[in-house]
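Input: a single structure, listed below in structure tokens.
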2 protein chains.
Amino acid sequence: MDKSPQVLLELVERLSNLMRAEFRRVSSDEQLQPVHVQALTYLARANRYSNTPQAMAEYLGLTKGTVSQSLLLLDRRGLIERYQDDLDRRVVRLRLSQAGDAFIAEAQPQLAWQHATRNISPNRIRNAVSALRETLATFQEDNEGRAFGQCHGCQHFERLSTRAYRCGLMGDRLSGPETKRICWLYVQKGTAVEEDEDD
Amino acid sequence: MDKSPQVLLELVERLSNLMRAEFRRVSSDEQLQPVHVQALTYLARANRYSNTPQAMAEYLGLTKGTVSQSLLLLDRRGLIERYQDDLDRRVVRLRLSQAGDAFIAEAQPQLAWQHATRNISPNRIRNAVSALRETLATFQEDNEGRAFGQCHGCQHFERLSTRAYRCGLMGDRLSGPETKRICWLYVQKGTAVEEDEDD
DNA sequence: CCGATTTGGTATTGACACGATACTAAACCG
DNA sequence: CGGTTTAGTATCGTGTCAATACCAAATCGG
């Protein structure tokens with residue numbers, strides 16, 4: 001039996017543990033926990049469909065109750081803003097406040113990671129990304145978990161013209177930058193098997 | 001600027017979060033926390049140099065005090081055994097108890113992961129492993145953190161004959177299986193750049 | 001050889017993550 | 001328009017986690 005998957009898991013967990021420690025370090029000034037940094041990072045990358053407590057809970061693998069508490073804290077600290085959705089008034093929408101934006105910009109939580117990957121060729125990184133991405137997709141299928149992803153590669157993504165896009169599921173028009181954010185309604189487009197490219 | 005490293009980090013964290021949730025699921029019968037599963041898994045793979053609270057704390061990215069608490073709990077539950085080192089009586093050595101062994105064997109915490117990676121070719125996994133391994137090594141250098149690894153690839157590793165090994169640093173002879181475990185004294189042997197292999 | 005320092009580990013305390021449960025209010029559905 | 005579902009909050013108990021203080025064994029420096 002091949003034990004490589006096992007080893008891969010070990011690496012993923014260890015790296016994640018180290019980043020968690022790193023998050024703790026950079027956020028100790030603000031009295032924040034690692035999970036708060038993750039939450040802020042998520043919000044910095046979420047689009048209009050995924051900027052809700054529900055989606056965040058799914059993304060972080062936590063319950064909605066737990067996430068709700070963390071959001072209360074972040075709100076008290078003035079790092080995020082919460083506002084009601086116009087159409088569905090049960091829904092709470094989230095965004096980074098100016099202070100939250102500033103925190104992410106200054107603390108640079110991923111700096112250590114950027115450094116750690118500096119010697120690895122972009123190609124090897126892309127290969128690793130593609131393998132992990134596929135792992136994640138399968139994982140989510142297995143657990144009936146919702147998928148997250150960027151418009152590029154999503155079934156619902158439609159290109160109206162060179163600079164105009166649309167989400168076929170929601171019917172909304174999307175700005176260029178918004179198609180780069182993390183969406184909750186992501187559905188993998190017909191899956192051709194990707195194989196690693198050479199360097 | 002290339003954003004691939006960023007994406008890689010996102011994937012690592014998300015997968016790790018999902019596995020954490022998975023750990024919580026499989027260990028909720030035993031009233032254990034995800035970190036306890038990680039600790040037990042670590043012990044199942046640690047060798048004679050790394051089966052101490054200190055090493056575990058380093059590996060998990062936690063402080064020794066925190067780890068000490070978790071170990072107390074695991075001891076109370078009868079999942080691990082703690083005993084004194086003969087030479088240095090400050091040192092506590094750890095090992096899985098029979099119950100701990102059984103738990104790891106039954107709960108199969110990595111099962112979900114095995115499933116999630118089933119469709120990925122061994123070669124792509126190896127490539128991903130190699131990239132992440134290198135990331136980890138650089139990360140540890142940057143933070144003056146100690147490295148972890150298996151004898152194969154360690155500077156101190158000496159092969160006495162076809163089946164006899166020795167750790168040059170500690171001077172101990174090692175059994176074959178022990179060279180496959182996680183060691184704390186690991187030092188990367190002269191680093192030739194590995195490049196991805198084709199499939 | 002013996003005081004000073006270092007090292008491995010534990011005890012205690014306080015903040016808070018986290019799940020479980022119970023709840024509210026809005027939306028949906030027949 | 002009553003029953004159900006859905007998004008989120010409130011509350012509570014367990015236990016992680018860092019910080020601090022502490023102890024004992026080892027090591028170092030004269």
Side-chain angles (χ1 to χ4, degrees), chain A residues 17-40 49-77 79-80 82-94 146 184, chain B residues 17-40 49-77 79-80 82-94 146 184:
Chain A
N17 283 337
L18 289 175
M19 282 305 292
R20 183 174 298 263
E22 175 70 14
F23 284 171
R24 199 179 294 279
R25 224 178 42 68
V26 304
S27 64
S28 55
D29 305 344
E30 299 275 350
Q31 303 266 50
L32 294 180
Q33 301 287 325
V35 68
H36 298 148
V37 179
Q38 289 194 328
L40 293 175
Y49 306 128
S50 50
N51 61 351
T52 71
Q54 186 83 291
M56 183 185 287
E58 190 103 11
Y59 188 84
L60 297 178
L62 304 175
T63 62
K64 57 181 182 163
T66 297
V67 167
S68 179
Q69 294 314 302
S70 292
L71 291 174
L72 280 182
L73 183 148
L74 289 173
D75 195 2
R76 279 201 304 274
R77 300 279 171 81
L79 293 168
I80 63 172
R82 304 194 292 167
Y83 56 100
Q84 253 188 359
D85 186 277
D86 298 330
L87 296 172
D88 187 337
R89 280 185 318 197
R90 294 170 304 178
V91 174
V92 172
R93 304 238 158 242
L94 308 164
R146 213 169 299 230
W184 195 33
Chain B
N17 283 337
L18 289 175
M19 282 305 291
R20 182 173 300 263
E22 175 69 14
F23 284 171
R24 200 179 294 279
R25 225 177 42 68
V26 304
S27 64
S28 54
D29 305 343
E30 298 275 349
Q31 304 265 51
L32 294 179
Q33 301 287 323
V35 67
H36 298 150
V37 179
Q38 290 194 330
L40 292 176
Y49 306 128
S50 50
N51 61 352
T52 71
Q54 186 82 293
M56 183 185 286
E58 191 103 10
Y59 187 86
L60 297 178
L62 305 175
T63 63
K64 56 180 183 164
T66 297
V67 167
S68 180
Q69 295 313 303
S70 293
L71 292 175
L72 281 181
L73 183 147
L74 289 173
D75 197 1
R76 281 200 302 274
R77 300 278 172 82
L79 294 168
I80 64 172
R82 303 194 291 169
Y83 56 101
Q84 252 188 0
D85 186 276
D86 297 330
L87 294 172
D88 187 335
R89 284 185 316 202
R90 292 170 306 179
V91 174
V92 171
R93 304 234 158 247
L94 308 164
R146 214 170 298 231
W184 195 31

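Convention: sequence-line order gives letters A, B, ...; per-chain numbering from 1. Just so it is clear, the values below take in all heavy atoms, side chains as well, and ignore hydrogens, waters and symmetry mates. All figures in this text were calculated on a predicted structure; none of them were measured in a lab.
Per the geometry, CG belonging to A:Leu74 stands 12 Å off P belonging to D:dT9, to the nearest Å. Residue B:Arg77 contributes atom CZ, which lies 12 Å from atom P of D:dT14 at whole-angstrom precision. Atom CG in B:Asn17 sits roughly 15 Å away from atom P in C:dA17 (whole-Å rounding). When the P atom of D:dG8 is taken as reference, atom CG of A:Leu62 falls 15 Å away, rounded to whole Å. Atom-to-atom, CG of B:Asp85 to C1' of D:dA26 comes out at 12 Å; the value is rounded to the nearest Å. When the P atom of C:dA17 is taken as reference, atom CZ of B:Arg20 falls 14 Å away, rounded to whole Å. As rounded to whole Å, 13 Å separates atom P of D:dT14 from atom CZ of B:Arg76. Atom pair A:Glu30:CD and C:dA15:C1' shows a separation of 17 Å (rounding to whole Å applied).
Contact check, A:Arg24 against D:dA18: a side-chain N or O comes under 4.0 Å of OP1 or OP2. In terms of phosphate contacts, B:His36 brings no side-chain nitrogen or oxygen within less than 4.0 Å of OP1 or OP2 of D:dG15. Applying the 4.0 Å criterion to OP1 and OP2 of C:dA17, one finds that A:Thr66 has every side-chain N and O outside that range. Contact annotation: B:Thr63 does not reach the phosphate of D:dC17 (side-chain N/O to OP1 or OP2, under 4.0 Å).
Contact check for B:Asp85 versus B:Arg90: no side-chain heavy atoms found under the 4.5 Å cut-off. Considering only heavy atoms from C-beta on, B:Leu71 comes within 4.5 Å of B:Leu94 through its side chain. Counting heavy atoms from C-beta outward, B:Leu32 and B:Leu79 have side chains that approach closer than 4.5 Å. Counting only heavy atoms from C-beta outward, the side chains of B:Gln54 and B:Trp184 approach each other to under 4.5 Å. Contact of the B:Val92 side chain with the B:Gln84 side chain is not registered, since no non-hydrogen atoms from C-beta on lie closer than 4.5 Å. The side-chain heavy atoms of B:Val67 and B:Lys64, taken from C-beta on, include no pair separated by under 4.5 Å. Here the side chains of A:Ser27 and A:His36 are not in contact, with every heavy-atom distance at 4.5 Å or above.
An end-to-end axis angle of 30° holds for the helix from C:dC1-D:dG30 to C:dG30-D:dC1, taken from five base pairs per end and rounded to 10°.
Among the heavy atoms of the strands, none lies under 4.0 Å from A:Leu32.
You'll find that the side chain of B:Arg89 is closest to D:dA25, out of D:dA25, C:dC18, D:dG15.
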Determine, for nucleotides 4-13 of chain C in 5'-to-3' order, which nucleotides have protein heavy atoms under 4.0 Å from the base (write B), from only the sugar-phosphate (write S), or from neither (write -). ---BBBSBB-

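Screening B:Leu74, B:Leu73, B:Asp75 for a side-chain contact (heavy atoms from CB on, under 4.5 Å) involving B:Arg77 leaves a single residue, B:Leu73.
When the nearest nucleotides of DNA chain D are assigned to A:Ser28 and B:Ser70 by heavy-atom distance, the more 5′-ward of the two goes with B:Ser70.
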List the steps and the verdict of side-chain contact (heavy atoms from CB on, under 4.5 Å) for A:Met56 and A:Leu62. CA-CA 8 Å; A:Met56 183 185 287; A:Leu62 304 175; over 6 Å; no

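Counting only distance, with no hydrogens or angles, the side chain of A:Thr52 and the backbone of A:Ala55 share a donor-acceptor pair below 3.5 Å.
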